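The sequence lines fix the lettering, A, B, ..., with proteins before strands; numbering per chain opens at 1. Computed from heavy atoms alone, side chains included, the values below leave out hydrogens, waters and symmetry copies. Here the structure is a predicted model, which means the values were calculated and not measured.
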2 protein chains.
Amino acid sequence: MVNLTDVARRSGFSVMTASRVMSGRGPVSAAAREAVLTAAAELGYVPNGVARGLRSSRTGVVALIISDIENPFYASMAKAAEQALAQRQLRLTISSSGEDTERELELLRAVHAMRADALLITPTTGNGPVLTQLAEGGMPIVQLDRVVPDLELRRVLLDNAGAARQAVTHLADHGHRRIALVSGPQSITTGAERVAGARRAAAERGLELEVFEAASYLHEGSRDAVAAALEWAPTGLVSGNGIVLEACLDVLVERSVRVPDALSLVGFDDLPWMRWTAAPITTVRQSVSSMTAAAVEMLFADPGDGGIERRFAGELVVRASVADHRE
Amino acid sequence: MVNLTDVARRSGFSVMTASRVMSGRGPVSAAAREAVLTAAAELGYVPNGVARGLRSSRTGVVALIISDIENPFYASMAKAAEQALAQRQLRLTISSSGEDTERELELLRAVHAMRADALLITPTTGNGPVLTQLAEGGMPIVQLDRVVPDLELRRVLLDNAGAARQAVTHLADHGHRRIALVSGPQSITTGAERVAGARRAAAERGLELEVFEAASYLHEGSRDAVAAALEWAPTGLVSGNGIVLEACLDVLVERSVRVPDALSLVGFDDLPWMRWTAAPITTVRQSVSSMTAAAVEMLFADPGDGGIERRFAGELVVRASVADHRE
DNA sequence: CTGAAAGCGCTTACAG
DNA sequence: CTGAAAGCGCTTACAG
């Protein structure tokens with residue numbers, strides 16, 4: 001395989017000058033630049049990023065650790081991250097923890113071993129110490145979507161309480177007074193904050209609100225909570241996240257519960273198919289791409305700048321899954 | 001940052017022995033193993049994968065180049081690839097070409113620069129020469145889902161013709177005799193093969209089949225083809241891929257065309273939401289995870305073994321989007 | 001089973 | 001603007 005030495009030899013300049021031309025750093029004469037470039041082209045030279053990474057201790061890759069790439073919410077995050085990083089000439093490597101702290105620990109070790117330049121993570125709650133250790137080792141880290149409680153690491157989050165409030169308020173505005181919230185696990189900050197926001201909104205409006213907590217962040221862990229919520233016989237149901245919404249639809253379709261006639265529904269997150277259900281789904285959208293872009297920006301900003309946390313507002317998208325129960 | 005030399009010094013053994021212990025290769029005494037391991041643990045040593053990669057010329061990362069991570073079909077592929085590679089202690093790095101040959105070329109250069117151990121790609125048609133060059137440079141490459149025509153590189157594909165035949169035959173079996181196929185661009189092999197399979201099935205059954213080709217692999221490029229297909233007034237419509245299906249649903253919902261009363265529909269690919277549409281969608285499923293696992297296996301198999309190509313059959317999933325028009 | 005030496009392909013730091 | 005030397009942190013190849 002052709003290396004810099006080959007290019008230098010052919011160009012008639014030193015390895016150092018060839019390096020300066022190929023990396024684009026440092027002063028070079030026009031003549032040197034041209035000689036090196038044509039030599040490189042003739043030889044089909046492609047710089048060895050591994051050697052570059054070893055010597056310069058900048059690998060040019062940023063790691064993203066998410067829960068599950070098959071979840072559209074995280075897929076959007078991955079796409080947005082790739083785009084934001086491409087603008088900075090950085091590459092992205094993605095891996096999935098499956099909400100498993102042990103697996104996440106392995107992934108963090110791998111990120112460390114590969115000497116990634118930075119890390120974006122939607123963390124489980126268990127690896128705070130390792131994250132701290134990585135951060136102290138000099139790796140820029142930003143938490144996205146959720147946080148490890150009591151960890152002083154920067155983060156970009158949805159205004160979860162406000163988003164849940166919008167969902168509850170929308171139902172209240174349409175005359176609903178008995179509302180179920182099927183939430184994700186409250187051990188995860190998104191779940192806890194959304195429940196708190198919904199509870200506060202319900203209290204202010206004098207509504208009955210009952211919370212049904214999914215056993216896990218996975219599909220199967222959500223079905224029982226949905227079933228329990230239906231048994232409580234609410235007129236309106238809020239799905240606390242995208243996975244719960246999917247479980248809701250499965251259960252509702254299986255039981256032929258008609259939306260919004262028999263039950264009004266407000267979802268979380270916004271996906272194309274929500275327009276195609278029998279009743280298009282009213283939902284709280286979060287701007288994943290803006291949030292991810294902000295996280296990437298935060299990664300490379302001065303750690304002192306802009307504070308430790310940035311919150312984005314959710315946006316209620318009104319479609320047809322909420323019935324009007326006002327007299 | 002702590003390195004092997006630190007570990008070796010603390011353990012009382014040489015760097016070479018420490019290396020053997022940490023990498024798990026080569027003979028070491030139990031005493032040496034233990035001394036090195038405890039030294040490593042005490043120092044919090046994490047091997048430098050970059051240095052390892054430079055010296056051993058195996059980086060342990062496999063690249064996956066797809067069209068768009070936000071497309072669920074490719075997201076499934078990414079997940080399956082990550083899982084299959086994790087079993088071999090390999091990491092995955094994913095990047096998206098957006099169906100753009102220029103962008104894909106940059107990504108191929110990046111894959112080359114990072115000295116990935118292998119490459120999985122759903123190629124555009126334009127970079128055959130570069131792929132050949134990479135392969136000749138010794139990189140194992142497997143094409144997934146589609147191929148660059150006339151490129152002698154290994155591949156794992158759907159039996160596209162057979163899958164399209166199943167869709168058409170299913171409609172014919174239900175009495176449909178005027179069938180539209182909205183296909184993806186025929187410049188991509190999946191599009192061309194599916195059209196050929198559908199045409200052959202239609203000819204055998206003596207059906208009217210009209211093909212409407214999407215202008216691109218993106219959502220917007222598909223809407224016009226869908227509109228044209230509707231104008232032709234078929235009783236049954238086959239969507240040639242997942243993106244086209246999405247465009248179909250958008251157009252059908254906008255125009256209030258009822259499925260299956262006014263039009264029968266057969267989709268491609270299978271996603272959870274297809275169970276939740278007003279009429280659950282009958283579709284041809286492909287086993288993305290099996291295909292991807294096979295591709296990973298092929299990557300590390302002897303190039304002489306098992307031939308250049310492996311095909312997987314599609315599976316028709318019958319739901320409720322096809323009306324029975326038999327007398 | 002163990003180790004001293006060389007080197008992977010670059011870039012850093014220093015001179016000129 | 002240009003270059004000779006050293007070194008990033010490992011593993012390979014060779015001895016013993």
Counting only N and O atoms by type, is there a donor-acceptor contact under 3.5 Å from the side chain of B:Q286 to the main-chain atoms of B:L158?
-> no
Which part of the nucleic acid does B:R25 contact within heavy-atom distance under 4.0 Å: base, sugar-phosphate only, or nothing?
-> nothing
In dot-bracket, 5' to 3', how would DNA chain C read with Watson-Crick or G-U wobble pairs under 3.5 Å, [ ] for crossing ones and | for pairs to another strand?
-> |||.||||||||.|||
Spacing of B:R33 atom CZ relative to C:dT2 atom P, expressed in whole Å = 10 Å
Backbone N/O of B:I65 and side chain of B:S96: donor-acceptor pair under 3.5 Å | no
Compute both the distance and the angle, then confirm whether B:R146 meets the cation-pi test with B:F73: under 6.0 Å from the six-membered ring centre, within 45 degrees of the axis.
-> no
Can you find a side chain N or O atom of A:S14 that sits less than 4.0 Å from OP1 or OP2 on D:dG3?
-> yes
A:E82 and A:K79 ion-paired at < 4.0 Å = no
Between D:dG9 and B:N3, is there an OP1 or OP2 to side-chain N/O distance shorter than 4.0 Å?
-> yes
Between C:dG9, D:dA5, C:dC1, spot the one nearest the side chain of A:M16, thanks.
-> D:dA5
Taking only Lys NZ, Arg NE, NH1 and NH2, and the carboxylate oxygens of Asp or Glu, determine whether A:R109 and A:E106 approach each other closer than 4.0 Å.
-> no
B:R20 CZ to D:dC10 C1', in whole Å, measures 13 Å
Base, sugar-phosphate, or nothing: which does B:S19 touch, judged by heavy atoms less than 4.0 Å apart?
-> base
